[in-house]
Participant: 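Got a structure for you, questions after.
Here the structure is a predicted model, which means the values were calculated and not measured.
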Amino acid sequence: MSDTDRASCPHLAGAAPTVHELDADFTRDPFPELARLREAGPVHRVKLPNGTERWLITRYDEVMAALADPRLSNELARGLAKVLPPEPLPPSWQVALRTSALLGRAMANLDPPDHDRLRKLVVRAFSAKRIEGMRPRIQEITDELFDALAGQGEFDLVEAVSNQLPITVICELLGVPSSDADLFRTAARVLGGFVPDDEAARRTIEALDAFDAYVRSLVKARRAEPGPDLFSELAKVPEDGQGLTDDELVSMAGLLLFGGYETSAQLISSAVLSLLRHPEQLAAVRADSSLLAGAVDEVLRFEGPVNPGLNRYALEDVEIGGVTIPQGSYVVLGVAAANRDPRHWPEPDRFDVTRTATAKQLGFGYGLHYCIGARLAQLEVEITLATALHRYPKLRLAVPADELHWRAGSVRGVSELPLRVD
């Protein structure tokens with residue numbers, strides 16, 4: 001650790017760490033503040049825009065090490081009881097407990113060996129062959145969504161496409177009837193959203209309760225009468241008898257919904273926005289469709305929806321980058337900061353769809369908890385981009401980019417993306 005790093009980290013000498021407050025502007029554009037923190041040191045104590053305090057890891061090497069460190073647990077509920085306020089719990093804390101109960105048995109929120117058992121049961125369902133086999137249907141859905149916009153010179157991509165395509169795909173994958181998609185869409189939005197007041201908290205809990213009850217009824221139906229869908233496959237008890245319990249299936253459905261809808265929806269919008277804000281890159285992709293895959297990867301690096309990063313819980317004191325993170329602390333592995341670390345990315349603040357990878361972008365995580373739905377999300381974005389660019393040669397923003405509103409929550413993205421196509 002350099003002298004500069006040590007100077008910026010007074011807690012190394014036993015003093016209380018400085019808490020860096022990330023204000024409301026952080027949601028709109030987090031990267032200047034992340035860059036400042038990253039250059040000041042690899043680990044900082046921060047207050048997030050929602051008021052919670054966390055340790056934030058900002059540099060690529062340290063984030064990579066943290067992703068592989070078993071002392072940093074994915075089982076975030078371990079520390080929840082220690083930080084709960086006195087009864088009666090405020091509605092926002094009731095949301096935290098309800099969300100923890102809903103998603104607590106999902107593999108993304110578990111450590112080995114439970115994680116490994118669940119991932120083994122699920123990963124086969126997300127094979128590359130199966131996902132690629134979905135390409136024609138994803139293209140069909142995308143075409144239907146854009147067909148519905150025929151004759152409109154202006155539309156909101158978020159509402160018309162970004163919020164529609166992923167939920168349709170994930171519901172069909174799970175075997176959920178289209179008539180019930182709104183229930184899934186509502187649950188997905190509240191899982192990734194910010195709870196601003198007590199009334200929003202109550203609506204969130206109601207949505208999660210409804211989702212929980214629906215999935216349990218679906219589990220019962222699929223166990224009794226399996227179909228060709230993913231949920232029937234997950235509900236099936238394997239020969240060794242070690243299948244998914246009802247609680248695990250509910251959590252798995254919540255995880256697939258949140259990852260398969262919310263993250264993908266924001267990634268679609270961010271991909272279109274990033275290209276429109278960089279006309280020379282847009283022209284390159286229009287001229288050479290083979291750049292699409294690289295463009296999606298660059299969007300994940302440059303403007304990925306996981307921002308500032310992935311949450312972990314310290315099971316014991318953990319030293320990272322010369323800084324000791326105390327046992328019982330919540331930690332954010334700052335993938336958004338790591339993905340722009342100049343130690344690994346030349347000109348990291350430049351969006352370049354032809355960029356030669358000098359490191360692996362961490363937008364989908366890495367290693368043990370790498371997102372199993374990564375290829376599905378990439379495919380949805382690639383198809384949406386290809387379709388939009390083919391249909392709309394004059395595609396452009398309908399408002400200045402600095403007037404767009406960025407939503408608060410654990411998944412970053414624009415609330416609306418008005419486009420002109422005439």
Side-chain angles (χ1 to χ4, degrees), residues 10-11 15-27 30 33 37 43-57 66 71-106 108-111 186-213 247 250-251 254-255 258 262 306-318 323-334 407-412:
H11 49 296
T18 299
V19 178
H20 301 271
E21 189 162 350
L22 308 178
D23 60 22
D25 286 341
F26 184 83
T27 299
E33 183 64 13
L37 291 171
V43 181
H44 299 274
R45 187 75 175 166
V46 300
K47 179 182 283 188
L48 299 175
N50 65 5
T52 58
E53 291 191 9
R54 296 286 187 268
W55 291 91
L56 174 65
I57 305 173
R71 298 172 298 174
L72 294 173
S73 172
N74 278 58
E75 297 182 8
L76 304 181
R78 287 174 181 252
L80 197 55
K82 299 178 182 178
V83 297
L84 288 176
E87 297 280 357
L89 289 178
S92 60
W93 279 98
Q94 294 177 35
V95 170
L97 287 176
R98 187 65 187 92
T99 303
S100 177
L102 182 72
L103 297 178
R105 294 303 300 170
N109 299 322
L110 294 172
D111 300 328
T186 300
R189 283 176 174 169
V190 300
L191 280 171
F194 174 62
V195 182
D197 52 47
D198 289 355
E199 179 57 32
R202 282 188 281 272
R203 290 197 303 269
T204 296
I205 292 171
E206 288 175 2
L208 297 182
D209 285 345
F211 175 79
D212 189 312
D247 286 346
V250 170
S251 290
L255 173 65
F258 180 57
E262 187 67 22
V306 179
N307 196 314
L310 303 165
N311 291 294
R312 297 291 189 269
Y313 178 74
L315 299 177
E316 58 186 79
D317 288 355
V318 181
V323 177
T324 298
I325 297 174
Q327 178 184 9
S329 298
Y330 282 100
V331 186
V332 177
L333 314 188
R407 65 193 294 277
S410 59
V411 178
R412 180 174 177 268

Participant: Quick check: closest heavy atoms across T27 and R412, and the distance to 0.1 Å?
Facilitator: O-NE, 2.8 Å
Participant: How many angstroms lie between atom CG of L110 and atom OG of S73, to the nearest 0.5 angstrom?
Facilitator: 8.5 Å
Participant: Looking only at non-hydrogen atoms, find the nearest pair between R105 and D247 and report the distance.
Facilitator: CB-O, 4.1 Å
Participant: Whether R202 and E199 form a salt bridge (side-chain N of Lys/Arg under 4.0 Å from carboxylate O of Asp/Glu) is what I want to check.
Facilitator: yes
Participant: I'd like to know if the side chain of N307 reaches the main chain of V411, judged simply by a donor and an acceptor atom lying under 3.5 Å from each other, with no hydrogens or angles considered.
Facilitator: no
Participant: What's the shortest heavy-atom distance between P326 and A314, and which atoms?
Facilitator: O-CB, 3.7 Å
Participant: Is any side-chain heavy atom of H20 less than 4.5 Å from a side-chain heavy atom of K47?
Facilitator: no
Participant: Hey, does D317 have a side-chain heavy atom less than 4.5 Å from the side chain of I325?
Facilitator: no
Participant: Going through the distances and angles, do V19 and E53 end up as a side-chain contact (heavy atoms from CB on, under 4.5 Å)?
Facilitator: CA-CA 8 Å; V19 178; E53 291 191 9; 4.0 Å; yes
Participant: Of all heavy-atom pairs between V331 and L72, which one has the smallest distance, and what is that distance?
Facilitator: CG2-CD2, 4.1 Å
Participant: So, S100 side chain and A96 main chain: donor-acceptor pair closer than 3.5 Å or not?
Facilitator: no
Participant: Has the side chain of Q94 got a donor or acceptor atom that lies under 3.5 Å from a matching backbone atom of I205?
Facilitator: no
Participant: Show the numbers, then the answer: is there a side-chain contact (heavy atoms from CB on, under 4.5 Å) between W93 and V95?
Facilitator: CA-CA 5 Å; W93 279 98; V95 170; over 6 Å; no
Participant: Please name the pair of heavy atoms, one in P90 and one in P85, separated by the smallest distance, quoted to 0.1 Å.
Facilitator: CD-CG, 3.7 Å
Participant: Taking the side chain as every heavy atom from C-beta outward, state whether R312 and L310 have any atom pair closer than 4.5 Å.
Facilitator: yes
Participant: Would you say the side chain of V332 lies within less than 4.5 Å of the side chain of I57, judging by non-hydrogen atoms?
Facilitator: no
Participant: Take D209 and R98 through the salt bridge (Lys or Arg N to Asp or Glu O under 4.0 Å) test and state the conclusion after the steps.
Facilitator: CA-CA 8 Å; D209 285 345; R98 187 65 187 92; 2.6 Å; yes
Participant: Under 4.5 Å between any side-chain heavy atoms of E33 and D23, yes or no?
Facilitator: no
Participant: Check whether NZ of the Lys or CZ of the Arg R54 lies under 6.0 Å from the centre of the six-membered ring of Y330 and within 45 degrees of that ring's axis.
Facilitator: yes
Participant: Going from CG on L333 to CG on L56, what distance comes out if it is rounded to the nearest 0.5 angstrom?
Facilitator: 9.0 Å
Participant: Kindly indicate whether the side chain of E21, heavy atoms from C-beta on, has any atom under 4.5 Å from the side chain of V46.
Facilitator: no
Participant: When you measure from the side chain of N74 to the backbone of D111, do you find a donor-acceptor pair of N or O atoms at a distance under 3.5 Å?
Facilitator: no
Participant: Within a strict 4.5 Å, meaning less than it, do heavy atoms of the L102 and F211 side chains meet?
Facilitator: yes
Participant: Between E262 and R407, is there a salt bridge with N-O shorter than 4.0 Å?
Facilitator: yes
Participant: N109 side chain to E75 main-chain N or O, any donor-acceptor pair under 3.5 Å?
Facilitator: no
Participant: Over all heavy atoms of both residues, which pair between P91 and A201 is shortest? Give the atoms and the distance, please.
Facilitator: CB-CB, 3.4 Å
Participant: Would you say the side chain of S329 lies within less than 4.5 Å of the side chain of Y313, judging by non-hydrogen atoms?
Facilitator: no
